[in-house]
Enquirer: 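Here's a structure for you.
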Amino acid sequence: MAILTRRDLADKQAWEAAKIKLPAFCPNALSEKTRRSPRWVHVGPGNIFRGYIAAIAQELAEKGKLDTGITALSVFDHQVIEKIYDPYDGLALQVVMHGGGKPEKNIIASVGEWLRTDTQWARAKEIFASPGLQMVSFTITEKGYAVTGQDGGLLPEVRRDIENSADIPVNSMAITAALLLHRFSRGGAPIALVSMDNFSHNGEKLKGSILSIARALEENGTAPKGFTKWLCDEGKVTFPWTMIDKITPRPDEGVAKVLAGDGFESTEIIVTDRNTYIAPFVNTEAPGYLVIEDNFPGGRPPLEDAGVYMVEKDVVDKVERMKVCTCLNPLHTAMSIFGCLLGYTSIAAEMQDSGIKALVERIGEVEGLPVVTDPGIFNPRDFLREVIDVRLPNPHIPDTPQRIATDTSQKLGIRFGETIKLYRETDGLDTADLIGIPLAIAAWCRYLLGIDDAGKPFDVSPDPLLGQLRGYIAGIELGSPDSIGDKLKKILSGTHIFGVDLYEDSLGERIEGYAAAMLAGPGAVRAVLERLTPGFRF
């Protein structure tokens, strides 16, 4: 059996029998140099890091272009270190799930050191004080950057961290600010803080959160007045924007069984007390895109030699808009809504549904591409076709419409509203030609009832506006299209959801018509979807 420890990497026969590729460098030598001369820290050592970002460092190390590894730093779910990093010596098995063939299996050994801030705070400060540290990257989810509440004031946990500055901080941004303050106090060598989380303008959000805490630290006398000035000096500290795109879902039981059958022993899937699903292996899709603003005051690894796009900030923004507004996210949202209504639990299975496939092709190719933002570094049409033909239909990526449907009210403005705005603003385009987008919006209104197309209740995915939205649609009933009345007007005219008033042209009324048709009775959603053709109207 192939056992995932550094000692057992020497059993080359077992790894060959399991068809698992070993690293082309000495992990122990890399770790030794990483501890001695840290250059790259990563905060948030979860699945996307282990399956993609660490693999980028691995490729550089195997090409002889990186002689130190990554220091993985846990600031939130420390059981990830305890249950995954410590027992397996910082190693991970990357399982690349190709759509039509056997998985590609690689041992990722580019993590040279791993630690947790709650019990290894002194070591974390020592690493951040190192003048040779060039970059700190993050994958902590968008929620990890939150420092203020709805009232605009600092969150209670952030205030506690600021007021009790002698203690080890708890909030992820307070931890980062404290470590940066320590670096500043030890000479303030240049550094780049690089959010690699999957949301727009991530570098701007990271900078804003850190500056909010830094100003509060200065106000209470914990930090010297020059700290904020240092953070704002781009010759010293930068917050590059990035766009990351690689589906890396939770570790899958089916993948674990295949690995065990191949002779890989370490397949236990762990669920931590903080509900992180993680395992010694990471299942991920083959395509991946990482675009980074090239703004590193203290230098950086040659990331472009591992396929990373190093570009200007405006190009990052264009790539993000291309993906989020046109070529991926709108398709995902439309699929998630119809998938839940039609009883699907797999995105890949949905792509075998001719009606759903026609819908996503309509939204992407016909309605989206005329207003696509072309980033100039790759072709939007090629990106879109890869999404439709390769990525979404991959049966080995266990992604679900229920997961993607989470927080849909927060996504509709950027995923559909921006395209509608451009249709209104662009000569030669007319919102009257939009069919797929208003149909997806109508289906979302129908979805909010929590009744599927067979007439059975289902659990609507979490959404911060769900209570308010259901209040608006109270009284709408399946089997009674006329029950819609004017109940959708507060939703469809709400610029806080779509960024536009959908009644400024005929869209609002058309969406109402599609939604009413989907209420005719069981099977009505399917019937409406099957009528999706050019010129489709009610």
Enquirer: Quiz question: by atom type and distance under 3.5 Å, do the side chains of S130 and R186 form a donor-acceptor pair?
Expert: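 Short answer, no.
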Enquirer: Any donor-acceptor pair under 3.5 Å linking the side-chain atoms of D273 with those of Q79?
Expert: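 Judged by distance alone, the side chains do pair up.
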Enquirer: Look at the side chain of T242 and the backbone N and O of V291, then say whether any donor-acceptor pair between them is shorter than 3.5 Å.
Expert: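 Pair absent, no side-chain N/O of T242 close to backbone of V291.
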Enquirer: Side-chain contact, heavy-atom cut-off 4.5 Å: Q58 with P23?
Expert: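 Yes - at least one pair of side-chain heavy atoms lies under 4.5 Å apart.
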Enquirer: Could you tell me if the side chain of Y277 sits less than 4.5 Å from the side chain of T272, heavy atoms only?
Expert: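 T272 does not reach Y277 side chain to side chain.
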Enquirer: Take V136 and F128 through the test side chain to side chain contact (heavy atoms under 4.5 Å, CB included) and record every step on the way to the result.
Expert: CA-CA 9 Å; V136 181; F128 267 71; 3.8 Å; yes
Enquirer: Is atom CG of D459 surrounded by more than 12 heavy atoms (other residues, nucleotides or ligands) closer than 6.0 Å?
Expert: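 At most 12 heavy atoms, drawn from other residues, nucleotides or ligands, come within 6.0 Å of this atom.
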Enquirer: Please step through ring pair (Phe, Tyr, Trp, His ring centres under 6.0 Å) for the pair F138 and F239, ending with a clear verdict.
Expert: CA-CA 11 Å; F138 298 78; F239 298 84; 8.9 Å; no
Enquirer: Taking atom types as modelled, is there a side-chain donor on R39 or Q134 under 3.5 Å from an acceptor on the other?
Expert: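 There is such a pair between these side chains.
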Enquirer: Could you tell me whether the side chain of H201 reaches within less than 4.5 Å of the side chain of D317, counting heavy atoms only?
Expert: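 Yes - at least one pair of side-chain heavy atoms lies under 4.5 Å apart.
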Enquirer: For the pair E367 and R362, evaluate salt bridge (Lys or Arg N to Asp or Glu O under 4.0 Å) and give the outcome as yes or no after the intermediate values.
Expert: CA-CA 6 Å; E367 299 178 3; R362 170 87 198 181; 2.9 Å; yes
Enquirer: If only atom types and distance count, is the side chain of R123 paired as donor or acceptor with the main-chain N or O of L115 below 3.5 Å?
Expert: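 Side chain of R123 to backbone of L115, a donor-acceptor pair under 3.5 Å: no, none is there.
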Enquirer: When rounded to the nearest 0.5 angstrom, what distance separates CE in M335 from CG in L342?
Expert: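 Reported to 0.5 Å precision, the distance equals 11.0 Å.
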Enquirer: Should the heavy atoms of other residues, nucleotides or ligands under 6.0 Å from NZ of K21 be counted, would the total exceed 12?
Expert: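 Yes, the 6.0 Å shell around NZ holds more than 12 heavy atoms from other groups.
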Enquirer: If we ignore hydrogens and angles and just use 3.5 Å, is the side chain of E312 paired with the main-chain N or O of D294 as donor and acceptor?
Expert: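 Flag not set: sc E312 to bb D294 has no pair under 3.5 Å.
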Enquirer: Quick one, K411 and N329 - any side-chain contact, counting heavy atoms below 4.5 Å?
Expert: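 Of all side-chain heavy-atom pairs linking N329 with K411, none is under 4.5 Å.
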Enquirer: Show the numbers, then the answer: is there a side chain to side chain contact (heavy atoms under 4.5 Å, CB included) between Y85 and V80?
Expert: CA-CA 7 Å; Y85 280 79; V80 169; 3.7 Å; yes
Enquirer: Can you tell me if K246 uses its side chain to pair, donor with acceptor, with the backbone of E285 under 3.5 Å?
Expert: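 Judged by distance alone, yes, a pair lies under 3.5 Å.
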Enquirer: Within a 6.0 Å radius of atom CD on E304, are there more than 12 heavy atoms belonging to other residues, nucleotides or ligands?
Expert: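 Counting other residues, nucleotides and ligands, CD of E304 exceeds 12 neighbours.
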Enquirer: Do H78 and T117 have side chains that approach each other closer than 4.5 Å (heavy atoms only, starting at C-beta)?
Expert: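 Heavy-atom side-chain distance check passes, below 4.5 Å.
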Enquirer: For the pair D399 and R403, evaluate salt bridge (Lys or Arg N to Asp or Glu O under 4.0 Å) and give the outcome as yes or no after the intermediate values.
Expert: CA-CA 7 Å; D399 211 356; R403 180 192 73 82; 2.6 Å; yes
Enquirer: For the ring pair H42 and F49, is the centre-to-centre distance below 6.0 Å?
Expert: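 Judged by ring-centre distance (under 6.0 Å), H42 and F49 do meet the cut-off.
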Enquirer: If you count every heavy atom of other residues, nucleotides or ligands that lies below 6.0 Å from R381 atom CZ, does the total exceed 12?
Expert: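 Atom CZ in R381 is not packed in, count stays at 12 or less.
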Enquirer: Just verifying a value: how many Å separate D314 CG and T373 OG1, rounded to the nearest 0.5 Å?
Expert: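 Answer for the CG-OG1 pair, D314 versus T373, is 11.5 Å.
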Enquirer: Using the ring-ring contact (aromatic ring centres under 6.0 Å, His included) criterion, which residues pair with Y289? Sequence neighbours excluded.
Expert: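 Y289: ring-ring contact (aromatic ring centres under 6.0 Å, His included) contacts with F378, F383.
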Enquirer: Under a 3.5 Å threshold, yes or no: a donor from one side chain and an acceptor from the other, between W40 and S137?
Expert: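 On atom types as modelled, these side chains qualify, holding a pair under 3.5 Å.
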Enquirer: Is the terminal nitrogen or CZ of K205 (NZ for Lys, CZ for Arg) located under 6.0 angstrom from the six-membered ring centre of Y145 and within 45° of that ring's axis?
Expert: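 So K205 doesn't make the cation-pi contact.
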Enquirer: Go through L60 and L303 one step at a time and tell me if the side chain to side chain contact (heavy atoms under 4.5 Å, CB included) criterion holds.
Expert: CA-CA 8 Å; L60 292 175; L303 299 167; 4.1 Å; yes
Enquirer: Are a donor atom and an acceptor atom from the side chains of W114 and D86 found within less than 3.5 Å of each other?
Expert: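 Distance-only check passes for W114 and D86.
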Enquirer: Quick check: does any side chain N or O of T326 sit under 3.5 Å from a backbone N or O of V372, one acting as donor and the other as acceptor?
Expert: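 Not at all, since once roles are kept as given, no pair shorter than 3.5 Å links the two residues.
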Enquirer: Please determine whether side chain to side chain donor-acceptor pair (under 3.5 Å) holds for the pair D77 and T276, giving the CA-CA distance in whole Å, both sets of side-chain angles, and the decisive distance to 0.1 Å.
Expert: CA-CA 8 Å; D77 193 343; T276 299; 2.6 Å; yes
Enquirer: To check you understand the geometry: which heavy-atom pair defines the closest contact between A256 and T267, and what is its length?
Expert: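 Closest pair (atom of A256, atom of T267, distance): O-CG2, 3.7 Å.
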Enquirer: When rounded to the nearest 0.5 angstrom, what distance separates CE in M322 from SG in C327?
Expert: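 It comes to 5.0 Å.
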Enquirer: Would you find a donor on one side and an acceptor on the other, under 3.5 Å apart, between the side chain of K125 and the backbone of Q120?
Expert: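 Between the backbone of Q120 and the side chain of K125 there is no qualifying donor-acceptor contact (under 3.5 Å).
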Enquirer: So, the side chain of D245 versus the backbone of G288: is there a donor-acceptor pair under 3.5 Å, distance only?
Expert: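 Not at all, since once roles are kept as given, no pair shorter than 3.5 Å links the two residues.
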Enquirer: Begin with the C-alpha distance, continue with both residues' side-chain angles, and end with the deciding distance and a verdict on side chain to side chain donor-acceptor pair (under 3.5 Å) for S31 and R6.
Expert: CA-CA 11 Å; S31 280; R6 295 195 180 208; 2.8 Å; yes
Enquirer: Whether the T408 and D463 side chains hold a donor-acceptor pair (N or O, under 3.5 Å, no angle test) is what I'd like checked.
Expert: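 Short answer, no.
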Enquirer: Before you tell me yes or no, could you show the steps for E365 and R385 under salt bridge (Lys or Arg N to Asp or Glu O under 4.0 Å), namely the whole-Å CA-CA distance, both residues' side-chain angles and the distance that decides it to 0.1 Å?
Expert: CA-CA 9 Å; E365 287 207 325; R385 287 317 315 180; 3.0 Å; yes
Enquirer: Report the distance from atom CD1 of I84 to atom CZ of F281, rounding to the nearest 0.5 Å.
Expert: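 Between I84 CD1 and F281 CZ, I get 9.5 Å after rounding to 0.5 Å.
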Enquirer: Using a 4.5 Å cut-off on heavy atoms from C-beta on, say whether the side chain of I53 contacts that of M196.
Expert: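 The answer is yes, as the side chains (C-beta and beyond) meet within the 4.5 Å cut-off.
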Enquirer: Check whether any side-chain heavy atom of V43 sits under 4.5 Å from a side-chain heavy atom of T139, and report yes or no.
Expert: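 No; the side chains remain at least 4.5 Å from each other.
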Enquirer: Indicate the atoms forming the closest heavy-atom contact of Y344 with A349, along with that distance.
Expert: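 Closest pair (atom of Y344, atom of A349, distance): CE2-O, 3.9 Å.
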Enquirer: Of N106, T248, T284, N283, which is the lone residue that meets side-chain hydrogen bond (donor to acceptor under 3.5 Å, both in side chains) with Q94?
Expert: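 In the set N106, T248, T284, N283, the residue that makes a side-chain hydrogen bond (donor to acceptor under 3.5 Å, both in side chains) with Q94 is N106.
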Enquirer: Is there a donor-acceptor contact under 3.5 Å from the side chain of D89 to the main chain of L91?
Expert: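 No, because the side chain of D89 does not come within donor-acceptor range (under 3.5 Å) of the backbone of L91.
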Enquirer: Side chain to side chain donor-acceptor pair (under 3.5 Å), that's the test. Do K207 and N202 meet it? Break it down for me.
Expert: CA-CA 9 Å; K207 182 177 182 178; N202 45 22; over 6 Å; no
Enquirer: Are the charged groups of E530 and R526 less than 4.0 angstrom apart, N to O?
Expert: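 Salt bridge between E530 and R526, a charged N being under 4.0 Å from a carboxylate O: yes.
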Enquirer: Other residues, nucleotides and ligands only: do more than 12 of their heavy atoms fall within 6.0 Å of NZ on K63?
Expert: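 Correct, the count exceeds 12.
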Enquirer: Examine distances only and state if a side-chain atom of N394 and a backbone atom of A348 form a donor-acceptor pair shorter than 3.5 Å.
Expert: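 Flag not set: sc N394 to bb A348 has no pair under 3.5 Å.
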Enquirer: Go through it in stages, so that I can follow the logic: the residues are R35 and E126, the test is salt bridge (Lys or Arg N to Asp or Glu O under 4.0 Å), and I'd like the CA-CA distance, side-chain angles, deciding distance and then a yes or no.
Expert: CA-CA 10 Å; R35 289 182 168 91; E126 183 182 1; over 6 Å; no
Enquirer: Ignoring hydrogens and angles, state whether a donor on the side chain of K33 or N28 is under 3.5 Å from an acceptor on the partner side chain.
Expert: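 Checked: K33/N28 side chains show no N/O donor-acceptor pair below 3.5 Å.
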Enquirer: Contact between L180 and I210 at the side-chain level, heavy atoms closer than 4.5 Å - yes or no?
Expert: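 L180 vs I210: side chains touch.
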Enquirer: One pair to check against side chain to side chain contact (heavy atoms under 4.5 Å, CB included): L30 and L66. What are the steps and the verdict?
Expert: CA-CA 9 Å; L30 190 81; L66 188 66; 6.0 Å; no
Enquirer: Tell me if a side-chain donor or acceptor on D161 pairs with a main-chain N or O of A174 at a distance below 3.5 Å.
Expert: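 No; zero donor-acceptor contacts below 3.5 Å.
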